[in-house]
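Lettering follows sequence order; numbering is per chain, from 1. Quick caveat, the model's predicted, so the values are computed rather than measured.
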Protein chains: 2
Amino acid sequence: MDIRSTLKLDNQLCFAVYACSREITKLYQPLLRELGLTYTQYITMLALWEEDHVSVKHLGQRLYLDSGTLTPLLKKLEHLQLITRERDKQDERSVIIALTEQGVQLQERALNIPEKLFCQVGVPTRQLDALRTQLTEIMNKVQLIPQNP
Amino acid sequence: MDIRSTLKLDNQLCFAVYACSREITKLYQPLLRELGLTYTQYITMLALWEEDHVSVKHLGQRLYLDSGTLTPLLKKLEHLQLITRERDKQDERSVIIALTEQGVQLQERALNIPEKLFCQVGVPTRQLDALRTQLTEIMNKVQLIPQNP
DNA sequence: ACCGATTCAATTGCATGCAATTTATTTGAG
DNA sequence: CTCAAATAAATTGCATGCAATTGAATCGGT
């Protein structure tokens, strides 16, 4: 087999994941626009609806995002009055993120989003679950790889 | 089942794809740094190594990127002397991207990247191929969904 | 208690992504 | 042929992502 075929775009898992991620994000846009959220803001709200009153660090570990991305994003959500940001009294280094009443209530308007997406894409649940499981497995493998530092 | 469980982060295929994409990109970073390329620049070079002398529009369709992203990125690759950008003589609206000699030769130094990544992640080829196939299927389904305009 | 190492969030700088608009060029209906 | 519509790239503006650095607070060994 030609060694160059290993560099073909359609043979790259990385490209399939990368392109798929962006296309899926675009699919969410019109639904999220109704909530006044961007995709990353939506993902952040998902995490907070599951677990409220968490530190920026904890949120970052959950979302695989660092403070460089989260700090401005959380300031935006604060400005939208969906969350509050307060220094942890026990450890002033940490900032605790908490949902406001508006933030809690927004979940009601988000409840039908997964169903709408599912209907649009039209792929069986079993297949979606299998895909998600495999991606999670890859994630876990990648996590174990020692990084440079 | 609790309807709210459909909003759980770990149940979202979108989040799995989104997070996995970013983690995989990070895995490429140290290898691409040796070539002096960013991840998106690398993906663009992959497309050009397969098919040279293509328009920005064609490249965009291949990579699922628009001119807003590609124009500055291609200018950067031009500055790195890996490609040239020239107006199409037959249709002055188009810009034709072509590899320079340096751009062609860079492929040699990229040939071992897929193998290195494969060894790092340690997931069987069969599984990676299956994953890629499923992602491609989702991509195709998503492509068929009529967009707002 | 002290102080160097560590931790956490914020900041800075750079590179995407993409919607929306603009500019230049081409197309095509009449 | 002519001009409005369509097309391609570039530009603008905004929102990420993330590496690297900074600043404030805490930890921990002595």
Fill in: Backbone of A/K8 reached by a side-chain donor or acceptor of A/Q12 within 3.5 Å
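Indeed, once roles are kept as given, a pair shorter than 3.5 Å links the two residues.
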
Discussion item. I'd like to know if the side chain of B/T136 and the backbone of B/R132 have a donor-acceptor N/O pair within less than 3.5 Å.
Written reply: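 Between the backbone of B/R132 and the side chain of B/T136 there is a qualifying donor-acceptor contact (under 3.5 Å).
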
Worksheet item: Is there a donor-acceptor contact under 3.5 Å linking the side chains of B/Q134 and A/Q127?
Response: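 Their side chains do not contain a donor-acceptor pair, so the 3.5 Å distance test is not met.
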
Fill in: N/O (side chain, B/T40) to phosphate O (OP1/OP2, C/dG17) under 4.0 Å
yes

Discussion item. Looking at D/dG17, I'd like to know if its phosphate oxygens (OP1 or OP2) sit under 4.0 Å from a side-chain N or O belonging to B/Y39.
Written reply: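 For B/Y39, the contact criterion (side-chain N or O under 4.0 Å from OP1 or OP2 of D/dG17) is not met.
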
Discussion item. Any heavy-atom pair between the side chains of B/L9 and A/L63 that's under 4.5 Å?
Written reply: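 The answer is yes, as the side chains (C-beta and beyond) meet within the 4.5 Å cut-off.
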
Discussion item. I'd like to check A/L82 versus A/L37 (side-chain heavy atoms, cut-off strictly below 4.5 Å). Are they in contact?
Written reply: yes

Using whole Å, report how far [atom1] of [X] lies from [atom2] of [N].
X     : N      : atom1 : atom2 : answer
A/E92 : D/dT26 : CD    : P     : 6 Å
B/Y28 : C/dT16 : OH    : C1'   : 18 Å
A/I24 : C/dG17 : CD1   : P     : 16 Å
A/E23 : C/dG17 : CD    : C1'   : 11 Å
A/L59 : C/dC8  : CG    : C1'   : 14 Å
A/M45 : D/dA15 : CE    : P     : 17 Å
A/L65 : D/dA19 : CG    : P     : 11 Å
A/K26 : C/dA19 : NZ    : C1'   : 11 Å

Fill in: B/Q61 atom CD, over 12 foreign heavy atoms within 6.0 Å
yes

Response to the item:
Result for 5'-nearest mapping on DNA chain D, choosing between A/P72 and A/Q90, is A/P72

Item to complete: State yes or no: do A/L48 and A/L73 share one hydrophobic cluster built from I, L, V, M, F, W and Y residues joined by side-chain heavy-atom distances below 4.5 Å, directly or via other members?
Response: yes

Response to the item:
Axis-to-axis angle across the helix from C/dA1-D/dT30 to C/dG30-D/dC1, five pairs each end, nearest 10 degrees, ~ 20°

Practice prompt. Determine which pairs satisfy ring pair (Phe, Tyr, Trp, His ring centres under 6.0 Å) with at least one residue from residues 11-31 of chain A, sequence neighbours left out, and list them in order.
Written response: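 Applying ring pair (Phe, Tyr, Trp, His ring centres under 6.0 Å) to every pair that reaches into residues 11-31 of chain A, excluding sequence neighbours, yields A/Y18-B/Y39, A/Y28-A/Y39, A/Y28-A/Y42.
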
Practice prompt. Could you check A/I113 against A/L35 for side-chain contact (heavy atoms from CB on, under 4.5 Å), going step by step and ending with a plain yes or no?
Written response: CA-CA 10 Å; A/I113 289 182; A/L35 303 191; 3.8 Å; yes

Practice prompt. Return the nearest nucleotide to the side chain of B/K76; candidates are C/dA19, C/dA15, D/dG17.
Written response: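 It is C/dA15.
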
Discussion item. Please encode protein proximity along nucleotides 5-10 of chain D as a string of B, S and -, counting only heavy-atom distances under 4.0 Å.
Written reply: --BSBB

